[in-house]
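In what follows, a structure is listed as structure tokens, so that the remarks can point back to it.
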Amino acid sequence: MIKGKFITLEGGEGVGKSTNIDFIRAYLEAHHIPLVMTREPGGTPLAEKIRGLLLASQTENISEQTELLLMFAARSQHINQVILPALSAGKWVLCDRFTDATYAYQGGGRRMDIKTIEWLERIVQGNLKPDLTLLLDAPVNIGMQRAEQRGTLDRFEQEKLHFFEDVRRAYLLQANLNPERIKVINANQSLANVQQVIIETLQRFML
Ligand code: Z5A
């Protein structure tokens, strides 16, 4: 039986997920909420190995279908080993990316069939969906500039501008389709302002 709450943080390249997830964790912990913080792809030793395979630049071409199946393989392990046990124990789960990223990157960026993604989502997740998703949104060039300042680019980060434009469009479509769950936050403003909106959103969610 699920007792905890499941919150996910989403957004394109360099929009500030890593920066803000620590902020959200601190906010929830200050409210004495028992919390597990995790990420996708990854979150268990096996799923982290799959993440390594997915992010590393490979000499062998990874087909789109392989990429999609690896995302869901990692997710299946993560859900069963970490997310469901934590939620059942009454903990909240705060996750850096989840299935909305699959709709955005594999569906939008790679243009894979959405029905296939929906089908895998049903198999792997059953009824599990986040209770709240914070979608950090910024123009692609802003996020790319921020991310590039960090140096080496992973396999996804080497994609071209139009790929990230498609990812952003797909994320915003997901938000339009799920307005109750997905809250879009303008990440193209000062960090202080972004975090003020995050607090307001969390306060409404916790009422
Ligand atoms: N992926 C997928 O394809 N399908 C899936 O189903 C899933 C994932 C789950 C790994 O994700 C890749 O997996 C991801 C999609 C794919 N690839 N990409 N691209 P990840 O979460 O590890 O990777 P990421 O997108 O590369 O995250 P990121 O680049 O680390 O971005 P970020 O965490 O959103 O940004 P950040 O590190 O917090 O911020 C970047 C810089 O901007 C940093 O210097 C900050 O100090 C600065 N910053 C942040 N906010 C601001 C504001 N408001 N103003 C100014 N500067 C700021």
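Hydrogens, waters and symmetry mates play no part in the numbers below; they use all other heavy atoms, side chains included. Fair warning: this is a prediction, and the values are worked out from it, not measured in the lab. Whatever order the structure lists them in is the order used to number ligands and atoms, beginning at 1.
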Review point. Any protein heavy atom under 4.0 Å from atom 44 (O) of ligand 1?
Key: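 False for atom 44 (O) of ligand 1.
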Polar-atom distance check: [X] versus ligand 1, any N or O pair below 3.5 Å?
| X | result |
| --- | --- |
| Phe164 | no |
| Pro41 | no |
| Asp154 | no |
| Asn20 | no |
| Glu157 | yes |

Practice item. Assess Arg75 against Phe72: is NZ or CZ under 6.0 Å from the centre of the six-membered ring, and within 45 degrees of the ring's axis? Key: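 Yes.
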Check each atom of ligand 1 against the heavy atoms of [X] and keep those under 4.0 Å away; list them by number with element.
| X | answer |
| --- | --- |
| Leu191 | 50 (N), 53 (N) |
| Ser18 | 30 (O), 32 (P), 33 (O), 37 (O), 38 (O) |
| Arg75 | 6 (O), 9 (C) |

Please confirm whether [X] comes under 4.0 Å of ligand 1, counting heavy atoms of the residue only.
| X | answer |
| --- | --- |
| Gly14 | yes |
| Arg51 | yes |
| Gln189 | yes |

Point to revise | Gln203 side chain near Tyr27 side chain, heavy-atom distance below 4.5 Å | key: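 Yes, close enough: below the 4.5 Å cut-off.
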Exercise for review: Taking the side chain as every heavy atom from C-beta outward, state whether Tyr103 and Tyr171 have any atom pair closer than 4.5 Å.
Suggested key: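 No; the side chains remain at least 4.5 Å from each other.
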Exercise for review: Give me the ring orientation class for Phe6 and Phe98: parallel if the planes are under 30° apart, tilted from 30 to 60°, perpendicular past 60°.
Suggested key: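 Correct class here is perpendicular.
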Relative to [atom], which among [options] owns the nearest non-hydrogen atom?
| atom | options | value |
| --- | --- | --- |
| atom 17 (N) of ligand 1 | Phe98, Phe156, Phe72 | Phe156 |
| atom 42 (O) of ligand 1 | Arg146, Arg39, Gln106, Glu13 | Arg146 |
| atom 23 (O) of ligand 1 | Arg97, His78, Gln158, Glu159 | Arg97 |

**Study point:** Test log, rule salt bridge (Lys or Arg N to Asp or Glu O under 4.0 Å), inputs Arg168 and Glu13
**Key:** CA-CA 9 Å; Arg168 184 183 185 205; Glu13 182 74 355; over 6 Å; no
**Study point:** Closest protein heavy atom (residue, atom, distance) for atom 46 (O) of ligand 1
**Key:**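 Looking only at protein heavy atoms, the one closest to atom 46 (O) of ligand 1 is Thr19 OG1, 4.0 Å.
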Review point. Side chain, backbone, both or neither: which part of Glu67 has a heavy atom under 4.0 Å from ligand 1?
Key: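 Neither part.
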